[in-house]
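What follows is one structure encoded as C-alpha cells, with my remarks underneath.
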Amino acid sequence: MSPTLPASVACTAAPHRTQIACTPARHTSSDYMCVLLPLHACCRFEPAAASFTLESVVSLRLDQHAEFIAELSVNATKELAMDTSLAAIAVTWEGLSLDLAEYKGTYKLRSTEDIFAALEDNSVTLSTMKASKYYLVFEKQVEHWESTLALVSETVEVVLQVGRP
C-alpha cells in the first residue's frame with residue numbers, strides 16, 4: 001500500500017502552494033514515486049546534486065512532510081528487496097545446469113542436489129513474498145516463478161524415476 005497524501009496538501013498551479021511532483025519509478029507501491037515540493041522548486045529538485053543540502057530540504061519544506069516521505073521510503077525499500085529477490089531467483093536458474101552422465105548409450109542425471117536446494121530456497125522466498133503486503137505489485141512475477149519451479153520439480157522427478165533401474 002502506498003502512503004496517502006496529507007489532507008492539507010493542495011495540488012495547484014499557484015507558485016507558492018504545494019503540489020505533487022511525480023517521477024516515474026519502479027520501486028513504489030503506486031505507479032509514481034511522489035515527492036511534495038513547492039511548485040516553483042520542481043525544476044530545481046536534484047537530491048543527488050552536491051548543492052542539495054539540509055538548507056535545500058528546509059527551503060523546499062520537505063521537513064513538513066517527513067512522515068509521508070519516511071513511509072514512502074520504507075515502501076520503496078521493501079519493494080526493492082522483493083525485486084532484488086526475484087532477480088536473484090532468475091540468476092540462480094540461469095546459472096544452474098543439469099549434471100548428466102553417459103549411461104548405457106543414453107544420459108542419466110548424476111546429481112540433483114543443487115537443483116533441489118535451489119528449488120527449496122526459491123520456494124521459501126516466493127512463499128514469504130506472497131505473505132507480504134507488497135505482493136500485489138509483483139504478483140505476476142511471483143506466480144510465474146512458482147509455476148516454473150513446480151514444472152522444474154516435476155520434470156526432474158520424472159527424469160529420476162525413468163532413470164532408476
- Shortest non-hydrogen separation from Thr92 to Ala118 and the atoms involved: CG2-CB, 3.9 Å

- Atom CD in Glu120, atom CG in Leu149: separation rounded to 0.5 Å? 12.0 Å

- Message: Can you give me the closest heavy-atom contact between Ala90 and Trp145, atom names plus distance?
- Response: CA-CZ2, 3.5 Å

- Compute both the distance and the angle, then confirm whether Lys78 meets the cation-pi test with Tyr134: under 6.0 Å from the six-membered ring centre, within 45 degrees of the axis. no

- Query: Distance from Asp99 atom CG to Glu113 atom CD, nearest 0.5 Å?
  - Reply: 10.0 Å

- Query: Roughly how far, to the nearest 0.5 Å, is the CG atom of Leu126 from the CE atom of Met82?
  - Reply: 9.0 Å

- Query: When you measure from the side chain of Ser56 to the backbone N and O of Thr53, does any donor-acceptor pair fall under 3.5 Å?
  - Reply: yes

- Leu109 versus Val159, closest heavy-atom pair with distance: CD1-CG1, 3.6 Å

- Nearest-0.5 Å distance that lies between atom CE in Met129 and atom CG in Asn122: 9.0 Å

- Task: Kindly work out whether a path of hydrophobic side-chain contacts (I/L/V/M/F/W/Y, heavy atoms less than 4.5 Å apart) joins Leu136 to Val142.
- Result: yes

- Item | Nearest heavy-atom neighbours spanning Ser85 and Thr125 | CB-CG2, 4.0 Å

- Note on the structure: Thr128 meets the side-chain contact (heavy atoms from CB on, under 4.5 Å) criterion, sequence neighbours left out, with Val124

- Tyr135 atom OH: more than 12 heavy-atom contacts under 6.0 Å: yes

- Note on the structure: One should read off an interatomic distance between Ile89 CD1 and Glu146 CD, to the nearest 0.5 angstrom, of 9.5 Å

- Message: How long is the straight-line distance from CZ of Arg110 back to CG of Leu100, given to the nearest 0.5 Å?
- Response: 8.5 Å

- Message: According to a hydrophobic-cluster definition based on side-chain heavy atoms being under 4.5 Å apart (Ile, Leu, Val, Met, Phe, Trp, Tyr only), do Leu86 and Leu96 belong together?
- Response: yes

- Message: Check whether Ser73 reaches the backbone of Ile69 with its side chain - one donor and one acceptor, N or O, closer than 3.5 Å.
- Response: no

- Heavy-atom pair of closest approach, residues Glu79 and Phe138: O-CZ, 3.3 Å

- Min side-chain heavy-atom separation Trp93-Thr148 under 4.5 Å: no

- Query: Within a strict 4.5 Å, meaning less than it, do heavy atoms of the Ile115 and Leu98 side chains meet?
  - Reply: yes

